[in-house]
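Naming: A, B, ... by sequence-line order, numbering from 1 per chain.
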Number of protein chains: 2
Amino acid sequence: MSANSQFTTAVHALCWIELAARQGESPITSERIAESLASHPVLVRRVLAPLREAGLVAVGRGPGSGWRLGRSAERITLREVYTALAPGGPFALHAHDPKPDCPVGHGIRPALTEVFADLEAVMARELARHTIAGLLDHLLRTYPVG
Amino acid sequence: MSANSQFTTAVHALCWIELAARQGESPITSERIAESLASHPVLVRRVLAPLREAGLVAVGRGPGSGWRLGRSAERITLREVYTALAPGGPFALHAHDPKPDCPVGHGIRPALTEVFADLEAVMARELARHTIAGLLDHLLRTYPVG
DNA sequence: GAATGTGTAACTCTTTCAGTTGCACACCAT
DNA sequence: ATGGTGTGCAACTGAAAGAGTTACACATTC
């Protein structure tokens, strides 16, 4: 396993915030979200912090306060979640520079960087097809609890 | 950085094997490949081993022996390299299971698994557009040494 | 049989990540 | 204003993954 699970955690949290809102519970605390994740409130805040910067969620501070979606769930795509979290993609170049006097060693990095940029682009396009609302509806319908 | 650099190392090695072959040096040893990578022969063998299983490269053992492409460089795609190396994708679900009695916690994993499978598919399609020969020609032409 | 080369397991070192603790700050109610 | 509730963030811990390295067994050529 070569990736972190922040994207999964973030999507889970957003779906949960939306579901809670549909049930009239909004805003919702990090504590409540952490319960569903079987995790800790600090992790929830850590993951949600960049989403707050991106305007995907809004947060209040006092008692009875907590997290709320920054806009309607129909207009939050997984692409926005992904880019808010991952400035760099899941692809890594060499751990250290290869020999620059070798023709391959000299050109492989920029060449692969182009390939990786194309991969990021098609991934982003695919992620943009899914919204939080769509994903939540899908999982509630396709994988009902019980 | 959330990914390993094995894919980069493998593509680098394959390009180098092909370039050496074009220059009449074939097969080529792990030692020679490791030089260009500024790495170690053992790492080269570790990365190339699964490619050998997939038939992308062939290897001999005695003196004057080493690595050779398993088929022509025009017919080895980056997709094959990727799938030979990464049985699991770069996307991770939760570190541990979420609460199954929560509707979101119950359905989020299978739902996101579907999304990740779609992402793998579009990535594979994009990677299939590139071959070792094409990549090598491109980097030699676009990024000439000196 | 000696030299060359791969195969692989085991180890170290570093980095990264999830998990955790602690404390400062903000907000609301009384 | 005061105490309870909640987020913000820095720092620490423990576990896991990965690159790099060593060592040794095995295969092939001469």
**Asked** Quick check: does any side chain N or O of A:His138 sit under 3.5 Å from a backbone N or O of B:Ala111, one acting as donor and the other as acceptor?
**Response** no

**Asked** Between B:Phe7 (CZ) and D:dA19 (P), how many Å, whole number?
**Response** 14 Å

**Fill in**
Hits for side-chain hydrogen bond (donor to acceptor under 3.5 Å, both in side chains) against B:Thr29, two or more places apart or cross-chain, chain-then-number order -> none

**Request:** Using atom CG of B:Leu93 as one end and atom P of C:dA18 as the other, report the distance to the nearest whole Å.
**Result:** 13 Å

**Asked** Could you give the CD1-to-C1' distance, from A:Ile28 to D:dT5, as a whole number of Å?
**Response** 16 Å

**Request:** For B:Gly62 and for A:Pro63, find the nucleotide of DNA chain C with the closest heavy atom, then tell me which residue's nucleotide is more 5'.
**Result:** B:Gly62

**Item:** B:Trp16: side-chain hydrogen bond (donor to acceptor under 3.5 Å, both in side chains) partners, not counting sequence neighbours
**Value:** none

**Request:** Residues of residues 94-113 of chain A with any non-hydrogen atom less than 4.0 angstrom from an atom of DNA chain C: list those, numerically ordered, please.
**Result:** none

Using nucleotides 7-9 of chain C, report all nitrogen or oxygen pairs with the protein that are shorter than 3.5 Å.
from, atom 1, to, atom 2, distance (Å)
C:dG7, OP1, B:Arg52, NH1, 2.1
C:dG7, O4', B:Arg61, NH2, 3.0

**Prompt:** Does OP1 or OP2 of C:dA18 have a side-chain N or O of A:Ser5 closer than 4.0 Å?
**Reply:** yes

**Complete:** Between CD1 of A:Ile33 and P of D:dG6 the distance, given in whole Å, is 12 Å

**Asked** Between A:Ser39 and C:dG19, is there a side-chain N or O to OP1/OP2 distance below 4.0 Å?
**Response** yes

**Message:** Check this one for me: any side-chain N or O of B:Ser30 less than 4.0 Å away from OP1 or OP2 of C:dT6?
**Reply:** yes

**Complete:** Taken in chain and number order and not counting sequence neighbours, the residues that satisfy side-chain contact (heavy atoms from CB on, under 4.5 Å) with B:His94 are A:Thr8, A:His12, A:Leu37, B:Pro98, B:Ile108, B:Arg109

**Prompt:** Nearest 0.5 Å, what's the CG-CG distance between B:Leu48 and B:Leu43?
**Reply:** 11.5 Å

**Prompt:** For A:Arg22, what residues pass the salt bridge (charged side-chain N to carboxylate O under 4.0 Å, His left out) criterion, not counting sequence neighbours?
**Reply:** A:Glu18, A:Asp137

**Message:** If I take atom CG from residue A:Leu136 and atom CZ from residue A:Arg141, how far apart are they, to the nearest 0.5 angstrom?
**Reply:** 10.0 Å

**Message:** Under a 4.0 Å threshold between the charged nitrogen and the carboxylate oxygen, would B:Arg71 count as salt-bridged to B:Glu80?
**Reply:** yes

**Asked** Hey, what do you get for CG (A:Leu93) to OG1 (A:Thr113), rounding to the nearest 0.5 Å?
**Response** 4.5 Å

**Request:** Could you tell me the separation between the CZ atom of B:Arg32 and the P atom of C:dT6, rounded to a whole number of Å?
**Result:** 12 Å

**Message:** If I take atom CG in residue A:Leu43 and atom C1' in nucleotide C:dG19, what distance separates them, rounded to the nearest angstrom?
**Reply:** 6 Å

**Prompt:** Tell me: CD of A:Gln6 to C1' of C:dC17, nearest whole Å?
**Reply:** 9 Å

